[in-house]
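Just so you know, ligand 1 is whichever comes first in the structure, and atom 1 is the first atom listed for that ligand.
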Amino acid sequence: MGTVVDSGKKEANGSSLSEKKATVVFVLGGPGSGKGTQCTNIVEHFGYTHLSAGDLLRAEKESSSENGTMIQNMIKEGKIVPSVVTIKLLQRAMQANNNDKFLIDGFPRNEENRAAFESVTGIEPEFVLFLDCSEEVMERRLLGRNQGRADDNIDTIRKRFKVYMESTLPVIEYYNSKGKVRKIDAEKPVEEVFEAVKSVFTPLHEKVHFFGRILCSSKTRKRLPKSVLPDVPKKKKKSLSPLSATTPQATSSSRPDQGSTSDPAEQPSTSAPYLIPISQRC
Ligand SMILES: Nc1ncnc2c1ncn2[C@@H]1O[C@H](COP(=O)(O)OP(=O)(O)O)[C@@H](O)[C@H]1O
Ligand SMILES: Nc1ccn([C@@H]2O[C@H](COP(=O)(O)OP(=O)(O)O)[C@@H](O)[C@H]2O)c(=O)n1
């Protein structure tokens with residue numbers, strides 16, 4: 001559960017992130033898919049601290065004489081800033097915050113980001129929220145964003161899309177292969193996207209652990225989409241079909257989707273109603 005797995009990992013100031021027992025959710029998706037917008041909603045609803053890698057880099061660009069010019073050039077070209085810089089900023093921000101739940105937005109952007117973060121902090125994400133959106137829609141949104149960003153022009157936007165396809169999608173694929181991706185259709189209006197986002201986060205915050213499984217109240221169960229729940233067999237009737245391991249908002253897109261576990265030990269119980277394996281996220 002997004003927990004720190006290596007208690008020996010220390011930040012430059014000597015304090016360990018492991019002491020915080022941080023829960024981390026990565027928020028990924030193309031430029032303009034709505035990561036920042038949805039993170040704001042998640043913060044309000046679920047009490048996470050939002051850390052945007054892009055915002056941290058933009059702030060560092062303004063204040064750092066050491067890395068300022070390099071960051072500025074990388075952002076202007078839509079390139080990914082070396083992990084050593086971004087991870088230090090993320091670590092500092094996490095250390096400086098008393099919260100133990102973090103939404104890390106726009107990170108990891110490539111394999112180097114992913115592997116370095118894991119080895120430096122020892123943190124694995126609870127899951128990856130993936131906002132899936134077409135380039136056409138993202139381009140329209142970015143051109144209308146009006147935040148005066150140096151990279152929201154058509155030339156840089158095209159470069160960012162290329163970097164996203166070549167470098168970030170493989171990271172999403174990686175987490176998908178571990179069953180950690182929660183894919184959301186991000187083309188819908190903000191409120192509808194957030195409804196889907198809520199259905200991913202709500203079970204996580206209502207769950208009750210019970211002998212390594214999670215016990216849902218019948219109230220919670222009623223509110224959950226059917227797709228996240230295992231079938232509850234009716235008395236004296238044997239189910240013939242295999243259990244569905246789909247999670248909310250699964251779509252038929254060829255993009256990375258939420259994985260399902262093939263480990264029989266992780267499959268939902270058919271004999272105990274409302275007892276659902278942890279991998280089912282509620
Ligand atoms: N679901 C949505 N529908 C329409 N516009 C959106 C939606 N989500 C975000 N936007 C708008 O699109 C732009 C990019 O959103 P933002 O959250 O900044 O994306 P990202 O952080 O992924 O780059 C912003 O102007 C935002 O208001
Ligand atoms: N992990 C990251 C995140 C952002 N960045 C840089 O910051 C830019 C803006 O990222 P962002 O997440 O704020 O914005 P979007 O491109 O997602 O709209 C990226 O194009 C990269 O140049 C980076 O180098 N490494």
### Query
Taking the non-hydrogen atoms of G30, is any one of them nearer than 4.0 angstrom to ligand 1?
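Heavy atoms of G30 do come under 4.0 Å of ligand 1.
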### Query
Taking all non-hydrogen atoms of both residues, which atom of H50 and which atom of V43 are closest, and how far apart?
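So the two residues come closest at CB-CG2, 3.6 Å.
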### Query
Looking only at heavy atoms, which two atoms of F117 and I87 are closest? And how far apart?
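Closest approach of F117 to I87: N-CD1, 3.3 Å.
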Quick check on contacts: which atoms of ligand 2 are under 4.0 angstrom from a heavy atom of [X]?
| X | value |
| --- | --- |
| F107 | 1 (N) |
| M74 | 22 (O) |
| G32 | 18 (O) |
| N113 | 1 (N) |

Polar atom proximity, [X] to ligand 1 (N or O, under 3.5 Å):
| X | value |
| --- | --- |
| G32 | yes |
| L142 | no |
| G36 | yes |

Which is it for [X] and ligand 2 at heavy atoms under 4.0 Å: side chain, backbone, both or neither?
| X | result |
| --- | --- |
| R145 | side chain |
| R160 | side chain |
| K79 | backbone |
| V163 | neither |
| R114 | neither |

### Message
Heavy-atom pairs closer than 4.0 Å: do any link ligand 1 to the side chain of P189, the backbone, both, or neither?
### Response
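For P189, the contact with ligand 1 is made by the backbone alone.
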### Query
Heavy-atom contacts under 4.0 Å between K188 and ligand 1: side chain, backbone, both, or neither?
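K188 to ligand 1: backbone contact only, side chain stays beyond 4.0 Å.
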For [atom], what's the nearest protein heavy atom and its distance?
| atom | result |
| --- | --- |
| atom 19 (O) of ligand 1 | G34 N, 3.2 Å |
| atom 8 (C) of ligand 2 | D151 OD2, 4.0 Å |
| atom 18 (O) of ligand 1 | R145 NH1, 2.9 Å |
| atom 25 (N) of ligand 2 | L57 CD1, 3.7 Å |
| atom 9 (C) of ligand 2 | R149 NH2, 3.4 Å |
| atom 17 (O) of ligand 2 | K35 NZ, 2.7 Å |
| atom 5 (N) of ligand 1 | R141 NE, 3.6 Å |
| atom 9 (C) of ligand 1 | T37 OG1, 3.3 Å |
| atom 7 (O) of ligand 2 | I75 CG1, 3.8 Å |

When only distance counts, is [X] in polar contact with ligand 2, meaning an N/O pair under 3.5 Å?
| X | answer |
| --- | --- |
| D105 | no |
| G106 | yes |
| V81 | yes |
| R109 | yes |

### Message
Quick one, S134 with E187, criterion side-chain hydrogen bond (donor to acceptor under 3.5 Å, both in side chains). Give me CA distance, side-chain angles, the key distance, then yes/no.
### Response
CA-CA 8 Å; S134 66; E187 295 206 359; 2.8 Å; yes
Are [X] and [Y] connected in the hydrophobic side-chain network, where two residues link if heavy atoms are under 4.5 Å apart?
| X | Y | answer |
| --- | --- | --- |
| L131 | F46 | yes |
| V163 | F107 | no |
| V128 | L169 | yes |
| V200 | V27 | yes |
| V137 | F194 | no |

### Message
Would K101 and Y48 count as a cation-pi pair here, with the cationic atom under 6.0 angstrom from the ring centre and within 45° of the axis?
### Response
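Yes, a cation-pi geometry holds between K101 and Y48.
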### Task
Check whether NZ of the Lys or CZ of the Arg R114 lies under 6.0 Å from the centre of the six-membered ring of Y174 and within 45 degrees of that ring's axis.
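Yes - R114 lies over the ring of Y174, closer than 6.0 Å to its centre and within 45° of its axis.
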### Task
Please round to the nearest 0.5 Å and tell me the distance separating atom NZ of K76 and atom OG1 of T156.
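It comes to 4.5 Å.
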Examine distances only and state if a side-chain atom of [X] and a backbone atom of [Y] form a donor-acceptor pair shorter than 3.5 Å.
| X | Y | result |
| --- | --- | --- |
| T202 | S199 | no |
| K61 | T69 | no |
| N113 | R109 | yes |
| K35 | G30 | yes |

### Task
Answer with yes or no whether R58 contacts ligand 2, where contact means a heavy atom under 4.0 Å from a ligand atom.
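Yes, R58 has a heavy atom closer than 4.0 Å to ligand 2.
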### Task
Starting from the C-alpha separation in whole Å, work towards a yes-or-no answer on salt bridge (charged side-chain N to carboxylate O under 4.0 Å, His left out) for E139 and R158.
CA-CA 8 Å; E139 184 178 303; R158 296 261 155 87; 3.2 Å; yes
### Task
State whether the number of non-hydrogen atoms from other residues, nucleotides or ligands found under 6.0 Å of K79 atom NZ is greater than 12.
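No, the 6.0 Å shell around NZ holds no more than 12 heavy atoms from other groups.
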